[in-house]
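Before any comments, here is the structure.
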Amino acid sequence: MTFDEYYSQYYRRTVAFARSYVNDEMVAQDIAADAMVKLWMHLKENPDAKVHHWLFAIVRNLCLDHLKHQKIKQKTLAEVALWKTQDLDFKISSLDKYGHDSVISGEIQEIVSRVVEEQSPKTRDIFVKSRIFGKKNREIAMEMGVTEKNVEYHISKVLKALKIALKDYLMVFIITGLLHILTGLLQILQINI
């Protein structure tokens with residue numbers, strides 16, 4: 001028999017057999033075609049071989065190889081999906097912990113630092129002594145050899161600059177303040193939120 005004769009006699013049955021295991025028409029056709037070529041090569045060396053037995057043994061082995069490969073692929077995809085899920089869980093957890101207040105607080109700190117740094121050295125020094133170190137205006141005036149009015153002027157200069165720079169955050173301050181007050185009242189009244 002010629003290759004074409006074997007092909008026309010066994011190809012459709014081979015595809016059907018492969019399809020019953022791999023559940024994919026295109027893959028079954030590829031397996032059947034590969035099996036027919038391998039059978040033909042085997043028959044060249046062993047002309048007395050039983051075609052039916054050899055052909056279906058070849059198809060069986062090709063199906064096994066394909067299914068094992070699919071299993072490895074699925075396992076890898078599952079591991080990647082698990083890793084992605086764990087990564088997403090970590091990111092969600094991080095963002096939940098970070099919270100909106102932290103973002104706002106960080107932005108406000110940056111603005112305050114920038115505004116204070118933009119001031120003259122004398123104004124900056126007075127403001128830092130007053131607001132950071134909590135010194136009284138009289139102490140600062142004596143330390144720096146200026147009047148208390150002069151200290152008040154420099155502090156109010158920075159406060160005005162901060163008021164302008166932080167104007168976009170005014171509503172956040174109001175809402176945050178109201179929420180803290182409301183939470184405190186509810187706790188006093190022993191109402192759980």
Side-chain angles (χ1 to χ4, degrees), residues 1-115 117-118 165-180 182-183 186-187 191-193:
M1 284 178 77
T2 66
F3 179 79
D4 290 338
E5 290 171 331
Y6 282 115
Y7 191 87
S8 61
Q9 184 175 353
Y10 291 105
Y11 179 75
R12 277 193 230 129
R13 285 190 280 173
T14 306
V15 170
F17 180 74
R19 186 178 49 240
S20 69
Y21 287 97
V22 297
N23 296 322
D24 184 318
E25 183 67 27
M26 296 299 289
V27 173
Q29 289 175 6
D30 288 345
I31 288 173
D34 286 349
M36 297 303 296
V37 170
K38 287 183 181 202
L39 174 68
W40 183 249
M41 307 236 329
H42 179 73
L43 288 175
K44 280 184 171 181
E45 295 174 15
N46 303 298
D48 296 333
K50 294 186 179 186
V51 174
H52 184 74
H53 293 293
W54 272 101
L55 179 61
F56 286 95
I58 293 168
V59 172
R60 176 189 158 276
N61 290 337
L62 290 172
C63 286
L64 272 172
D65 290 345
H66 173 77
L67 293 173
K68 286 176 183 176
H69 177 74
Q70 288 301 107
K71 184 177 179 180
I72 291 168
K73 187 175 169 182
Q74 289 299 319
K75 184 178 178 184
T76 303
L77 289 173
E79 288 171 358
V80 168
L82 177 63
W83 179 82
K84 284 183 178 181
T85 301
Q86 289 172 340
D87 185 50
L88 285 172
D89 287 343
F90 174 75
K91 288 177 180 176
I92 290 168
S93 173
S94 296
L95 288 173
D96 277 346
K97 288 177 184 171
Y98 192 63
H100 182 69
D101 291 343
S102 299
V103 173
I104 298 293
S105 176
E107 290 174 8
I108 291 171
Q109 286 176 352
E110 286 178 29
I111 292 170
V112 170
S113 294
R114 181 179 44 79
V115 168
E117 285 299 315
E118 290 172 352
L166 294 171
K167 71 182 181 310
D168 294 336
Y169 292 91
L170 179 61
M171 198 51 113
V172 173
F173 292 140
I174 292 170
I175 292 171
T176 304
L178 290 175
L179 286 175
H180 287 295
L182 182 61
T183 303
L186 292 175
Q187 287 176 347
I191 298 172
N192 292 325
I193 54 170

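Basis for what follows: all heavy atoms, side chains included, without hydrogens, waters or symmetry-related copies. This is a predicted model, so every value here is computed, not measured. Note that the numbering runs from 1 along the sequence shown for the chain.
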- Who are the side chain to side chain contact (heavy atoms under 4.5 Å, CB included) partners of A18, not counting sequence neighbours?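 For A18 the side chain to side chain contact (heavy atoms under 4.5 Å, CB included) partners, ignoring immediate neighbours, are A28, I31, V59, C63.
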
- Task: Sequence neighbours left out, what passes side chain to side chain contact (heavy atoms under 4.5 Å, CB included) with K44? Give chain and number order.
- Result: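 For K44 the side chain to side chain contact (heavy atoms under 4.5 Å, CB included) partners, ignoring immediate neighbours, are W40.
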
- Residue pairs involving residues 44-63 (criterion ring pair (Phe, Tyr, Trp, His ring centres under 6.0 Å); sequence neighbours excluded):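 Sorted pair list: F17-F56, H42-W54, H52-F56.
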
- Under a 4.0 Å N-O cut-off, is there an ion pair linking R114 with E118?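 Yes, charged N to carboxylate O under 4.0 Å.
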
- Message: Tell me whether Y21 at atom OH has more than 12 heavy atoms from other residues, nucleotides or ligands lying less than 6.0 Å away.
- Response: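 Atom OH in Y21 is not crowded, with 12 or fewer foreign heavy atoms closer than 6.0 Å.
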
- Item | Validation row: I58, M36 side chains within 4.5 angstrom (heavy atoms) |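 No; the side chains remain at least 4.5 Å from each other.
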
- Measure the shortest side-chain to side-chain distance between Y6 and L43 over non-hydrogen atoms and say whether it is less than 4.5 angstrom.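 They are in side-chain contact.
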
- So which pairs with a foot in residues 5-27 pass salt bridge (Lys or Arg N to Asp or Glu O under 4.0 Å), sequence neighbours left out?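 Counting only pairs at least two positions apart or across chains, the salt bridge (Lys or Arg N to Asp or Glu O under 4.0 Å) contacts touching residues 5-27 are R19-E25.
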
- Is there any salt bridge (Lys or Arg N to Asp or Glu O under 4.0 Å) pair reaching into residues 28-39, and which pairs are they, with sequence neighbours excluded?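 The answer is none; no pair qualifies.
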
- Nearest non-hydrogen partners of A33 and Y11, listed with the distance: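 For A33 and Y11, the tightest heavy-atom pair comes out as N-CE1, 4.0 Å.
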
- Minimum heavy-atom separation for T14 to A35, with atom names?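 The answer is CG2-CB, 4.4 Å.
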
- Query: Between atom CG of L77 and atom CD1 of I72, what is the distance when rounded to the nearest 0.5 Å?
  - Reply: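 Reported value, rounded in 0.5 Å steps: 12.0 Å.
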
- Query: Got a sec, which pairs hit side-chain hydrogen bond (donor to acceptor under 3.5 Å, both in side chains) with one end in residues 61-84, sequence neighbours left out?
  - Reply: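 Checked against side-chain hydrogen bond (donor to acceptor under 3.5 Å, both in side chains) - neighbours excluded - no pair reaches residues 61-84.
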
